[in-house]
Every structure is written in C-alpha cells, then in structure tokens.
**Student:** 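Below: one structure in structure tokens.
Note that the structure is a prediction, hence the values are computed from the model and not measured. Note that these values count all heavy atoms, side chains included, but never hydrogens, waters or copies made by symmetry.
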Amino acid sequence: MTAAAAFELAQVNIARLKAPLDSPQLKDFFDALDPVNADADAADGFVWRLQGDSGDATDVAVFGDSWLIINMSVWRNTDALTAYMYQGRHREMLARRREWFDRVQEAMVALWWVPAGHRPTVAEAESRLLHLRTHGPTPYAFTLRTSYPPQGATPLLGEVPEGLGCSV
C-alpha cells in the first residue's frame with residue numbers, strides 16, 4: 001500500500017436552512033437528496049457517507065442547532081471529490097444553494113485526511129470545522145482551494161476565539 005493509499009479524504013459541509021425541510025421552499029432540495037446521494041454512492045472514488053435513520057443525514061444533529069444540516073463523506077482523494085461535486089445533479093444543486101440555505105460568514109466546509117477504513121464522527125467533523133475557523137487551512141483541516149497532501153496532521157493548540165458558531 002502506498003503512503004497516499006493509506007489515507008482517504010474526509011469532507012464535511014454544513015448548511016443553515018432557510019426554512020423547515022418539509023416546507024414548500026425546500027421541496028426541490030429534499031426531492032433531490034436521494035438521487036444526488038445515489039450519484040455519490042456510485043461515483044468513482046466514493047468510499048462512504050454519513051447516514052441517519054432516514055438514509056440521508058438530514059436527521060443527524062450538528063453543533064446542537066436544529067437549523068443546520070450536515071453532509072459528511074469519505075473519498076479516495078481530492079480529485080474524486082472534485083469530479084463528483086462539479087457535475088450532474090450535484091452541480092445543479094450547488095447552483096441553487098442560495099434558494100435553500102442562508103449565507104454565513106464562517107467556514108462551513110472542511111476536509112481532512114483519515115486513515116484508510118476510518119469513518120469520521122460528527123464530533124470529529126465539528127472539531128475540524130472549528131479548527132479551520134480558528135486557524136485557517138492547515139493539514140489538520142483544509143479546503144479544496146488550500147489543500148494538503150495526506151499525512152498525520154495534529155491540531156494546533158490554543159484558545160478558540162469567541163463568535164465561531166454558525167451565526168448568519
């Protein structure tokens with residue numbers, strides 16, 4: 001196994017809903033979830049995605065905020081994730097995200113490398129997002145725009161500044 005193959009790419013993205021999931025405003029989003037998730041499951045380089053009791057992750061709590069929803073998955077590498085994100089139904093949903101989600105100032109997406117076979121937890125994802133908000137992109141938590149190669153990254157220690165929640 002090569003060094004790179006010993007790691008897989010975890011990604012989390014969270015979003016603040018503009019309306020309840022069962023509202024008419026979010027109908028198109030909710031109706032597209034199963035097909036978009038099926039596309040991800042079949043995508044080259046896809047490894048795993050977080051699922052709650054509903055088969056998606058809309059019922060999984062994040063940051064103790066019922067208006068936030070989470071999407072978390074593991075991919076072979078950044079190329080596989082990028083190829084999936086910017087094509088087909090997922091690309092169409094990205095283009096419409098402002099209809100369904102509030103624009104927020106804080107980082108809502110984080111990437112990090114995990115040992116192959118590891119499945120990240122929501123607590124792990126929250127930690128990575130808070131780390132990215134506090135320190136910017138580092139090997140511990142980064143973005144597609146500022147990414148790092150697979151390696152065993154450790155968090156930077158220090159106080160978490162006030163105001164890193166998910167305010168709008």
**Student:** Using every non-hydrogen atom in the two residues, find where L26 and L17 come nearest and quote the distance to one decimal.
**Tutor:** CD2-CD2, 3.3 Å
**Student:** What's the spacing between M108 CE and L132 CG if we round to 0.5 Å?
**Tutor:** 12.0 Å
**Student:** Output the distance between atom CH2 (W112) and atom CD (Q11), rounded to the nearest 0.5 Å.
**Tutor:** 7.5 Å
**Student:** What's the shortest heavy-atom distance between I14 and L129, and which atoms?
**Tutor:** CD1-CD1, 3.9 Å
**Student:** Which distance, rounded to the nearest 0.5 Å, do you find between the CD of E8 and the NE2 of H118?
**Tutor:** 10.0 Å
**Student:** Under the rule for ring-ring contact (aromatic ring centres under 6.0 Å, His included), what residues qualify as partners of W100, not counting sequence neighbours?
**Tutor:** F29
**Student:** So which heavy atom on D59 is nearest to which on D53, and how close?
**Tutor:** OD2-N, 3.1 Å
**Student:** How about R91: does its CZ atom have over 12 heavy atoms from other parts shown lying under 6.0 Å from it?
**Tutor:** no
**Student:** Look at the side chain of Y148 and the backbone N and O of P137, then say whether any donor-acceptor pair between them is shorter than 3.5 Å.
**Tutor:** yes
**Student:** Considering only NZ, NE, NH1 and NH2 on the basic side and carboxylate oxygens on the acidic side, decide whether E124 and R119 come within less than 4.0 Å.
**Tutor:** no
**Student:** According to a hydrophobic-cluster definition based on side-chain heavy atoms being under 4.5 Å apart (Ile, Leu, Val, Met, Phe, Trp, Tyr only), do V12 and W48 belong together?
**Tutor:** yes
**Student:** Does CZ in R145 sit with more than 12 non-hydrogen atoms of other residues, nucleotides or ligands closer than 6.0 Å?
**Tutor:** no
**Student:** Is there side-chain contact between L144 and M85, with heavy atoms separated by less than 4.5 Å?
**Tutor:** yes
**Student:** Less than 4.5 Å apart, side chain to side chain, heavy atoms only: is that true for F7 and P149?
**Tutor:** no
**Student:** Run the side chain to side chain contact (heavy atoms under 4.5 Å, CB included) test on R16 and D65 for me, step by step, so that the C-alpha distance in whole Å, both residues' side-chain angles and the decisive distance to 0.1 Å come before the verdict.
**Tutor:** CA-CA 9 Å; R16 179 175 292 287; D65 186 334; 2.8 Å; yes
**Student:** Say whether, by atom type as modelled, one donor and one acceptor occur between the side chain of R133 and the main chain of A107 under 3.5 angstrom.
**Tutor:** yes
**Student:** Taking the side chain as everything from C-beta on, heavy atoms only, tell me whether R49 gets closer than 4.5 Å to N37.
**Tutor:** yes
**Student:** At their closest point, which heavy atom of P120 faces which heavy atom of V74, and how far apart are they?
**Tutor:** CD-CG2, 3.6 Å
**Student:** I'd like to know if R76 and D44 make a salt bridge, using a cut-off of under 4.0 Å between side-chain N and carboxylate O.
**Tutor:** yes
**Student:** Are D22 and F30 close enough, and set up right, to give a side chain to side chain contact (heavy atoms under 4.5 Å, CB included), and what steps lead you there?
**Tutor:** CA-CA 8 Å; D22 59 357; F30 193 77; over 6 Å; no
**Student:** For W75 and F46, I'd like to know if the aromatic rings sit close, meaning centre-to-centre distance below 6.0 Å.
**Tutor:** yes
**Student:** Which pair of heavy atoms, one from M93 and one from A32, lies closest together, and at what distance?
**Tutor:** SD-CB, 3.7 Å
**Student:** Measuring from Y140:OH to H135:NE2, what's the distance to the nearest 0.5 Å?
**Tutor:** 9.5 Å
**Student:** So does P20 get a backbone contact from the side chain of Q25, meaning a donor-acceptor N/O pair under 3.5 Å?
**Tutor:** no
**Student:** Name the residue from L130, I70, V122 that meets the side chain to side chain contact (heavy atoms under 4.5 Å, CB included) definition with F63.
**Tutor:** L130
**Student:** If you measure from CH2 on W67 to CG on D102, what distance do you get to the nearest 0.5 Å?
**Tutor:** 9.0 Å
**Student:** Testing the basics here: between I69 and F101, what is the closest heavy-atom pair and its distance to 0.1 Å?
**Tutor:** CD1-CE2, 3.7 Å
**Student:** Find out if a path of hydrophobic residues (ILVMFWY) with successive side-chain heavy-atom gaps under 4.5 Å connects V109 to L94.
**Tutor:** no
**Student:** Kindly compute the distance separating CG (L33) from CG (L21), expressed to the nearest 0.5 Å.
**Tutor:** 7.5 Å
